[in-house]
Amino acid sequence: MLASEKDNRLRWDGSTPGFYEVYYIKANEPAQGIALWLRYTLLAPIQGRPVAEVWGFFFDRNNPEKNLALKATYPWSEARAEPSPFRFAIGPSTLTHASAQGEIVKEGQRLRWDLHWDPNPTTVYLLPFQWMYKGPFPRTKVLSPNFNIRLNGVLEVNEQRYLLEKAPGQQAHLWGARHAERWIWGHCNVFAGDAPLVWEGLSAQVALGPIRLPMLTLFVLQMEDQMFFLNGLGSLVRNRSRGEVGTWWFIGRGPGIQLSGEAKVALEHIVGAIYTDPDGSQRWCHNTKVGDLTLTVKRLVGRGWQSTTFTALGTCALEWVGRTQDPRVKVWV
C-alpha cells in the first residue's frame with residue numbers, strides 16, 4: 001500500500017458523535033472549459049443520527065448557465081468504509097485511492113461520473129507540523145493524498161457526455177470536530193504554457209475556545225519535482241492575505257522563495273453551498289473551479305533573485321467560506 005493511501009483511511013471511529021469527514025476531488029478540462037468538484041462526506045452530529053452525503057458540482061466556464069450542483073444524503077447504514085485497500089462507498093457512489101464512481105439524481109437533474117487516475121506515492125501535508133494532525137488543535141485537519149493527478153474517464157451532466165483525458169486534478173482529505181471560523185482557499189495545477197507548477201494556498205481563522213485567532217496564511221508550491229512549503233513559523237508571521245468573495249490577494253515568504261498573487265472570478269462562476277458543523281452551526285461556502293490566477297514566484301539563485309510570473313485562466317479552484325452568506329451568490333445545496 002502506498003503511503004498516500006494510508007492517509008485516505010477513514011478517521012471516524014464509527015460511533016463517536018461530534019465529528020465530520022470530507023473527501024473531495026476536483027478536476028479541470030481546459031480544452032472544453034469545464035470543471036468538476038465532488039465531495040464524499042460524513043457527519044456525526046452531536047445530536048442526531050450520522051449521515052453520509054455525496055455532492056457533485058459542474059462548472060462551465062463558457063456557459064455558466066449550465067452550472068449544476070446536486071447533493072444526495074443517506075443514513076450512515078448505507079455507507080461502507082474499508083481501510084486496505086481504501087474504499088469509501090455511499091449509496092451507489094464509491095471512492096478509492098485511484099478512482100471515483102457515482103451518480104446523483106435529484107429533481108430531474110443528473111450527474112454521473114466514472115473516473116480513474118494514477119495516485120501520487122506520497123501525501124502533501126498543508127499544515128506545518130505533524131503534531132497538528134494528532135492533537136486537538138486545530139480542530140480541522142487537511143492533507144492531499146493526491147495533490148497533483150491526471151484524471152481519465154467519463155462525466156455525464158444531464159444528457160451531455162464529456163470525456164476526460166488527463167484532466168489535471170486533486171484529491172484531498174479533511175476531518176475534524178469543527179470547521180474553521182472563516183477561510184479562503186485555492187489550488188491550481190493548470191497554467192498557461194503547460195508550466196510545471198502546482199500551487200495551493202489557505203488563509204484561515206480558527207477558534208481556540210471562545211477566542212478567535214488572527215487569520216493565518218500558508219502556501220505549498222511544487223515546481224517540477226521540487227516542493228516548497230511556505231507554512232513554517234517564519235512564513236506564518238510574514239505571509240499576508242486579503243480578500244472578499246470573488247477576489248484574493250496574497251503574499252508568501254519562505255527560505256529562498258517569495259510569491260505574490262491575485263486570484264479572481266466573476267460572480268456568475270461561483271456556486272453557493274452550506275457546510276454544517278457537528279454542533280449544527282453553519283458556514284456559507286462560495287466556490288468556483290474556473291477562476292483566474294496570476295502568480296509571481298521569486299527564487300534566490302546565487303546572490304540574486306529570479307522572478308517568473310505564471311497565469312491561469314479559468315482553471316483555478318477558489319473558495320471563500322464564512323459565517324455569513326454573500327447575497328449575490330445562489331445557494332445550490
Which heavy-atom pair separates Trp117 from His97 by the least distance, and what is that distance?
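For Trp117 versus His97, the nearest heavy atoms are NE1-O, 2.9 Å.
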
Is there side-chain contact between [X] and [Y], with at least one heavy-atom pair below 4.5 Å?
{"X": "Pro145", "Y": "Asp7", "answer": "yes"}
{"X": "Met1", "Y": "Ser84", "answer": "yes"}
{"X": "Thr96", "Y": "Asn8", "answer": "no"}
{"X": "Glu65", "Y": "Glu268", "answer": "no"}
{"X": "Leu164", "Y": "Leu115", "answer": "yes"}
{"X": "Asn120", "Y": "Ile149", "answer": "yes"}
{"X": "Ile104", "Y": "Trp55", "answer": "no"}
{"X": "Leu259", "Y": "Leu295", "answer": "yes"}

Hey, mind stepping through Gln101 and His116 against side-chain hydrogen bond (donor to acceptor under 3.5 Å, both in side chains) and telling me if it holds?
CA-CA 9 Å; Gln101 296 83 31; His116 57 89; over 6 Å; no

ring-ring contact (aromatic ring centres under 6.0 Å, His included) pairs, two or more places apart, involving [range]:
{"range": "residues 221-258", "result": "Trp199-Trp248, Trp199-Phe250, Phe219-Phe250, Trp248-Phe250"}
{"range": "residues 287-325", "result": "none"}
{"range": "residues 258-277", "result": "His179-Tyr275"}

Without swapping roles, check the side chain of [X] against the backbone of [Y] for a donor-acceptor pair under 3.5 Å.
{"X": "Asn239", "Y": "Thr217", "answer": "yes"}
{"X": "Tyr133", "Y": "Val142", "answer": "yes"}
{"X": "Ser203", "Y": "Trp183", "answer": "no"}
{"X": "Asn231", "Y": "Leu218", "answer": "no"}
{"X": "Glu21", "Y": "Arg11", "answer": "yes"}
{"X": "Thr247", "Y": "Lys264", "answer": "no"}
{"X": "Gln205", "Y": "Ala207", "answer": "no"}

Residues, nucleotides or ligands: over 12 heavy atoms within 6.0 Å of Asp118 CG
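Incorrect, the count does not exceed 12.
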
Is Lys289 paired with Asp60 through a side-chain N to carboxylate O contact shorter than 4.0 Å?
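Salt bridge absent between Asp60 and Lys289.
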
Going by an N to O cut-off under 4.0 Å, is there a salt bridge joining Lys330 and Asp326?
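No, no charged N to carboxylate O under 4.0 Å.
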
Start with the C-alpha gap between Tyr24 and Thr41, add the side-chain angles, then the distance that decides, and say whether side-chain hydrogen bond (donor to acceptor under 3.5 Å, both in side chains) holds.
CA-CA 8 Å; Tyr24 72 77; Thr41 78; over 6 Å; no

Would Leu68 and Gln109 count as a side-chain contact (heavy atoms from CB on, under 4.5 Å) here? Give the steps.
CA-CA 8 Å; Leu68 183 64; Gln109 304 281 351; 3.7 Å; yes

What pairs with [X] under side chain to side chain donor-acceptor pair (under 3.5 Å), at least two apart in sequence or on another chain?
{"X": "Trp37", "result": "none"}
{"X": "Thr311", "result": "none"}
{"X": "Gln47", "result": "none"}
{"X": "Ser260", "result": "none"}

Scan for salt bridge (Lys or Arg N to Asp or Glu O under 4.0 Å) pairs involving [range], sequence neighbours excluded, and state none if there are none.
{"range": "residues 178-200", "answer": "Arg178-Glu181, Arg178-Asp279, Glu181-Arg212, Glu181-Arg283, Glu181-Arg323"}
{"range": "residues 128-151", "answer": "none"}
{"range": "residues 234-248", "answer": "none"}
{"range": "residues 25-50", "answer": "none"}

Could you go step by step and tell me if Trp76 and Glu78 meet the side-chain hydrogen bond (donor to acceptor under 3.5 Å, both in side chains) rule?
CA-CA 5 Å; Trp76 179 248; Glu78 295 186 30; over 6 Å; no

Specify whether Phe57 and Phe59 have parallel, tilted or perpendicular ring planes, treating 30° as the upper limit for parallel and 60° as the lower limit for perpendicular.
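Parallel.
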
Test side-chain hydrogen bond (donor to acceptor under 3.5 Å, both in side chains) on Thr73 and Glu53 and set out the steps.
CA-CA 4 Å; Thr73 303; Glu53 295 182 328; 2.8 Å; yes

Run the salt bridge (Lys or Arg N to Asp or Glu O under 4.0 Å) test against Glu156 and tell me which residues pass, sequence neighbours left out.
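With neighbours one apart ignored, the set is Arg110, Arg112, Arg161.
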
Could you tell me whether Phe58 and Tyr162 have their ring centroids closer than 6.0 angstrom?
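Here the rings of Tyr162 and Phe58 have centres that are less than 6.0 Å from each other.
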
Linking I/L/V/M/F/W/Y whenever any side-chain heavy atoms sit under 4.5 Å apart, do Val290 and Trp332 land together?
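Yes, Val290 connects to Trp332 through the hydrophobic network.
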
